[in-house]
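Accompanying notes for the structure given below.
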Amino acid sequence: MFWKSIFSAKSGGEQIRTRFAPSPTGLFHIGNVRTALFNFLFAKKYNGKFILRIEDTDFERYKPEYESNIIETLKWLKLFWDEGPYKQSERLDIYAKYLRELLDSGDAFYCFHSKEAIEKERAEQIENKKAPAHHCEFKKIPLKDAEKHLTQEKALIRFRMPVDVEIAFHDLIRGEVRFNSNALEGDFSLAKAEGPNKFFPLYNFAVVIDDFEMGISHVIRGEDHISNTPKQILVQRALRIPMPQYAHLPLILGSDKSKLSKRHAAVSVAEYREAGYLPEALLNFIALLGWNPGTEREVFALEELASEFDLNKVQKSGAVFNTEKLDWLNGCYLRQMSIDQLAERAIPFLEKNKLITKGNYDLERVKKILTIEQPRLKKLGEIGDRRLSFFFKQPEYEPRLLIWRDMLFKDIVTSLKISLAALQGIMEIEFMRANLENVLLKEAERAKNKDKGRLLWPLRVALTGLEASPGPFEILEILGKIESIGRIEKAIKKLL
Ligand code: GLU
């Protein structure tokens, strides 16, 4: 197999080590799930290690809640890491050592341009339709002289971009990728001062050091990082450290084939979790984004994904995010569950929607309700909506919903009274589906033109307040005699 040959040729049987390296600058989103999942699957498939690294060097955008959101979401998804979380902010000494090396070798230099000056230069270049690039004059200053200024001025450390150098790498998804150094935005920054002579690493530098120090064999990340890769390779070359293998995953697109954004669908995982998607369904769905197992099969448990997964079968072109497919998959997972498992997952949603109170509900009754709903359920969040809430509280509805075909209000009153009398004749302990069906169907068959709807429609609406719902017999059993009779009486009052 193609991949196997690369694997043995390039990594010579070394341990596979992948990493997920999110920045805590926003809520965990669908793209993050895919990156984390593919790294996880790849590591598991080859018996390797999956490492979590928090890239927390952007102080301005960092928030502790974003960091806890990363940890919490990975745990919810059950994408457990083997090492970490490492935090870049706790590794400053490591970066300092490599910065020193780059400065001493002349591959890096101090830049004293202000942020404003750089922004101005960039704006002018864009205005003149030139690709933005900063070729820094400070690289001409001898290191010793530049260092004298470090205590007074805020500096950046930049990489000295070589002129006209070819940078090529083999991407495991995209094949050969080539760049020329002249097209790489000039002398890019490696670190910025956070105090006199104290430097904080920036992305393109820290990532190289960490991937090396952590022995990362494969960097699997979004295609939006592909233009960073040649810069990272240049840093590796300057430090004479080996290049990991790269795999850049295709963009995730919305239905109109533009990059997935809030306009198309929810992007933060928290929203999916709240809507009642199951983590296993979400992972299954996301695994299929851009990856095709090569068969018709679509439902895979996480362990099955790990053995089936193959970077070779990841497509190059963008992957369209299709919410209907996610709903369908989620429904499949919900139907596969036993009623006990479903109840365990559903109860927090019932509590959240205030349909039951924690520690104070009838579990058997909840299970009966779920048994009725399971074949239709797409997401657990639906458990709180109108379709199910009538089981827990009195329904609100317009009297005209009680009307069946050409029936008049007075006919409906009569019909409901017949149901009422029939139900009153059934003892509370016999209020069970089979008995109820038996008694009520007999009554229904006596209706005008043998039209059973004349009895059953008003009855069902009186119980549920809904145009569409499960049938009246199972609902009656769950509601019980007293509640059912109360609801029918209320319906009659609505019509008088
Ligand atoms: N912190 C970067 C991000 O969240 C990681 C990129 C990479 O995987 O190299 O996009």
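Being a predicted model, the structure only gives us computed values, none of them experimental. All ligand and atom numbering here is 1-based and tracks the order in the structure. In what follows, residues are counted from 1 in the order of the sequence shown.
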Arg221 and Thr229: side chain donor to acceptor below 3.5 Å: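 Yes.
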
If we count only N and O atoms by modelled type, under 3.5 Å, do the side chains of Asp256 and Ser258 hold a donor and an acceptor together?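 Side-chain D/A pair, Asp256 to Ser258: present.
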
Parallel, tilted or perpendicular, as decided by the 30° and 60° cut-offs, for the rings of [Y] and [X]:
X	Y	answer
Tyr277	Tyr272	tilted
His134	His113	perpendicular
Tyr203	His225	tilted

Ring centres under 6.0 Å, that's the criterion: do Phe200 and Phe59 meet it?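 Under 6.0 Å, so yes.
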
In order of chain and number, which residues sit within 4.0 Å of ligand 1 by heavy atom?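 If the criterion is a heavy atom under 4.0 Å, then ligand 1 touches Arg19, Ala21, Pro22, Ser23, Glu55, Tyr203, Val207, Arg221, His225.
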
